[in-house]
Amino acid sequence: MIKIMTCLCAAVLLSACATTPIKSTRIDDNAGLASGHGVVALQVVNNAERLSKFHRNWTEVIAVRLDNHDELKQLAFETAKTKALAENKKFDPAKVAWEPEIYTLSPSAEGVVSSQLFVGSMPAGEYMITSLYAYYSDGNMSSWVQMPVRAAGGVFNVAASQLTSLGTLVFQPLLDVKAESFWSNRSSSKAYVTRIGESNLSEYVVAKYPSLTAALDTTVLQGWQDDAYQSYRQQLAEQSQQNAWGNTSVALQHHGKAALMARFGLLHWQDNSGQWRKVKLPTNAQLSAVLETEEKFVVGAERGQLFIADTPAGEWQQVQPVASSEAIVWLQQGDDRFYAMTQSSTAFTLYQFAELNASWQQIGEFKRKQFAFLVQYGGVFAFINPQGQLAVLNDSQLHQFDPVAQAWSAQKSQAMVKLTQLKDGSLLGLAVSQWDGVGDQMFSADGAQSWQSLHRSLGLFGDRAAEISLPAKLDDGTLVTISRVRQEQKNSKMHLVTSQSQALNNKSSWQTQGQVREDCTVMLPELSNGQTLYLMCNEGDVISTDDLGNSWQTVIDIDVPAMQQSFEQLLEALQQQNAQETASE
């Protein structure tokens, strides 16, 4: 059966997409749920920074209906036979073409940072996800990538007026996704997709489509059908979760030295002895913010989830201070209160609260700047200024909050693509460029009142990985970044370079230090402490150096060989089943 469905879906998708109209699953919240339809919800997580240069995430999930194939085929035969008789022609069943029902789900931007949530309406029946698909066009060029799913996901059910909650699908690269050859590689071992049983998505669906509350029964959930391959999928899922991609970091003061937040609720933290540990929180959402007091450790995540424990290794209590349409992206303590920022599809919202268990009070909202032709906008970033008050950099406007007057003031500043605040309060940023979107690395010691640019040498045609990386700062005040250094009679190599803050804009002031691996050029400045620096590699590994690049150690190792081995076991099991079914035919 698996062989039949796998081969059929592959053939159907390749041959029918050009002729078969793909049906939208978009839900009209005003019209309600169509008769005989159910609602399908799933989360998709890319266990990589992005899919490719032109594709950050998927634009569609493609599914094919399975249970009505015989009916559609018979209808096509009858129609062709009737037509042949009417035209006095010979009827040839082998020449009859029939078309399956193919559906597409589009992603929702509410409540997520790196994950994607897909919600749609489909007629009751049996379905299989055939592929994940991404399309990009800017008027000058077009690009598309596709990842097959099929038996890796399995078959799921849709019932009228019920919710089908499919949990999470993970796209797991096994090769360097930044390599230009990745998407042209036809090998089945370049990546896999597997499913992860996760929490009920009904709360998100009801919040997104409130008019469905009366029409949709969420007490009984539909989902994936059981089959012989679930143990293989479970092993792959657990390995992807334990090797989750994470590049959002923060310095700690009470419960360790630093933390690195990842997808699938995975948290890495460095304890006070310097040992790196990890813990899986009870969610598959991206972790995106950390707040700590002497007594508590708090982690914010997608879909408005907030987790509280006594220590990172403790028991986690989940609370929901905001709607699931908001992702908690920043948490911090001011002089006399706590602050939080959330991200939705259209805006960033600021909150204040007096105690960890107190309700959040909204104090501001900053709209996302929409794309404009030939104009590059900066992001929205929150931080605590040197006066201990909340500040928000929104594009080129610096907004500062007066907690006594409960009012905002604004002034001009520098628009940033990235921004982070170090434990000493200084800011490191990546400026906006109207040329290609990414400008100079920047440093501010006065809460974004003024900025110094870091000038270093990069390749003639750019070093994209190094260009989009923030610099780092050592405890002695030395600024460290990555530069391309040309040596006599040799090709240029990537090196760490250092300078003092008063000479950052002078290229000749930078001192060349140790060499950097070409695949490890993303600095994690929040993790730096003492003389130790941390860099992230293309596949998600994290390496460190305490001697400015003369030697390197791996502190977080992504175990690709183990995932590759487990995936090959699933492929072998599928091949054996196909062989058995072929022999029995």
Side-chain angles (χ1 to χ4, degrees), residues 248-259 261 269 272 287-301 304-312 314 316-323 326-344 347-366 379-394 397-411 413 416 419-429 444-450 526 529:
T248 304
S249 50
V250 63
L252 301 181
Q253 296 182 357
H254 303 293
H255 299 276
K257 296 183 177 181
M261 294 163 278
W269 90 96
N272 286 314
L287 304 183
S288 46
V290 166
L291 169 67
E292 55 169 352
T293 67
E294 291 184 1
E295 298 81 18
K296 297 293 182 181
F297 195 89
V298 184
V299 180
Q305 299 176 0
L306 191 72
F307 300 90
I308 304 174
D310 294 336
T311 68
W316 295 95
Q317 172 195 3
Q318 180 178 343
V319 296
Q320 190 86 21
V322 293
E326 299 179 54
I328 302 171
V329 295
W330 180 81
L331 293 163
Q332 192 55 269
Q333 184 173 7
D335 280 345
D336 59 353
R337 69 198 68 195
F338 300 105
Y339 295 105
M341 184 168 75
T342 67
Q343 170 185 313
S344 67
F348 291 84
T349 304
L350 276 298
Y351 296 90
Q352 64 179 2
F353 49 103
E355 303 291 341
L356 293 180
N357 58 356
S359 60
W360 290 11
Q361 175 191 358
Q362 181 176 335
I363 56 175
E365 183 178 87
F366 299 90
V380 179
F381 306 98
F383 59 93
I384 301 297
N385 65 21
Q387 292 74 44
Q389 297 178 351
L390 172 65
V392 174
L393 183 63
N394 178 20
Q397 289 288 315
L398 175 61
H399 302 264
Q400 300 185 85
F401 182 70
D402 184 340
V404 177
Q406 293 285 290
W408 293 88
S409 61
Q411 65 185 76
S413 186
M416 294 290 166
L419 183 75
T420 191
Q421 185 169 34
L422 303 180
K423 57 187 176 183
D424 67 357
S426 59
L427 301 173
L428 296 171
S444 176
D446 57 9
Q449 299 292 324
S450 63
E526 303 87 352
N529 58 80

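Numbers here are sequence positions counted from 1. The shown structure was predicted, so the numbers you read here are calculated from the model rather than taken from an experiment.
- Donor-acceptor pairing under 3.5 Å is lacking for the side chains of Q389 and D402.
- Q400 and Q387 share no donor-acceptor pair across their side chains, judged by distance under 3.5 Å alone.
- The side chain to side chain contact (heavy atoms under 4.5 Å, CB included) test with F401 singles out one residue from V392, N385, L350, I363, and that residue is I363.
- Across all their heavy atoms, N272 and K257 have their closest contact at O-CE, 3.5 Å.
- One finds the CD atom of Q421 at 8.0 Å from the OG atom of S426 (value rounded to the nearest 0.5 Å).
- Taken to the nearest 0.5 Å, the CZ atom of F383 stands 7.5 Å off from the OG atom of S444.
- For the pair A301 and S288, the tightest heavy-atom approach, listed with the atom from each and the gap, is CA-OG, 3.6 Å.
- The shortest heavy-atom contact between G447 and P386 is CA-CD, 3.8 Å.
- Side-chain contact between S409 and H399: absent, with no pair of heavy atoms (C-beta onward) separated by less than 4.5 Å.
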Legend entry - Stepwise side-chain contact (heavy atoms from CB on, under 4.5 Å) test for V319 and I308: CA-CA 8 Å; V319 296; I308 304 174; 4.3 Å; yes
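- Nearest heavy atoms, L398 versus A391: CD1-CB, 4.3 Å.
- Of all the heavy atoms in F353 and A340, the pair that sits closest is CE2-CB, 4.0 Å.
- The nearest pair of heavy atoms linking E292 to Q333 is O-OE1, 4.2 Å.
- Within the 4.5 Å cutoff, the side chain of W269 has no heavy atoms near those of the M261 side chain.
- Rounded to the nearest 0.5 Å, atoms CD (Q352) and CD (Q361) are 4.5 Å apart.
- Residues D310 and F297 are not in side-chain contact: their nearest non-hydrogen atoms beyond the backbone lie 4.5 Å or more apart.
- Relative ring orientation between W316 and F307 is described as perpendicular, the plane-to-plane angle rising above 60° on a 0-90° scale split at 30° and 60°.
- Using a 4.5 Å cut-off on side-chain heavy atoms (C-beta onward), Q318 and Q305 make contact.
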Legend entry - Stepwise side-chain contact (heavy atoms from CB on, under 4.5 Å) test for F381 and F348: CA-CA 9 Å; F381 306 98; F348 291 84; over 6 Å; no
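- Distance check, rounded to the nearest 0.5 Å: CG of L390 to CE of M341 gives 9.0 Å.
- Interatomic distance, E526 CD to L252 CG, rounded to the nearest 0.5 Å: 11.0 Å.
- Within the 4.5 Å cutoff, the side chain of K423 has heavy atoms near those of the N529 side chain.
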Legend entry - F338/L331 under side-chain contact (heavy atoms from CB on, under 4.5 Å): CA gap, chis, key distance, verdict: CA-CA 8 Å; F338 300 105; L331 293 163; over 6 Å; no
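- Side-chain atoms of T420 and L427, non-hydrogen and from C-beta on, never get closer than 4.5 Å to each other.
- The shortest side-chain heavy-atom distance between L428 and L419 does not fall under the 4.5 Å cut-off.
- Of the possible polar contacts, one joining the H255 side chain to the K296 backbone as a donor-acceptor pair under 3.5 Å is found.
- In this structure, the ring of Y339 has its center no less than 6.0 angstrom from the ring center of W360.
- In this structure, E355 contributes its side chain and N357 its backbone to no donor-acceptor pair below 3.5 Å.
- Proximity of a side-chain donor or acceptor of Q449 to a complementary backbone N or O of D446 within less than 3.5 Å is not detected.
- V298 has its side chain within reach of L306: a pair of non-hydrogen atoms, C-beta onward, lies under 4.5 Å apart.
- Although no hydrogens or angles enter the test, the distance criterion places a donor-acceptor pair under 3.5 Å between the side chain of S413 and the main chain of A448.
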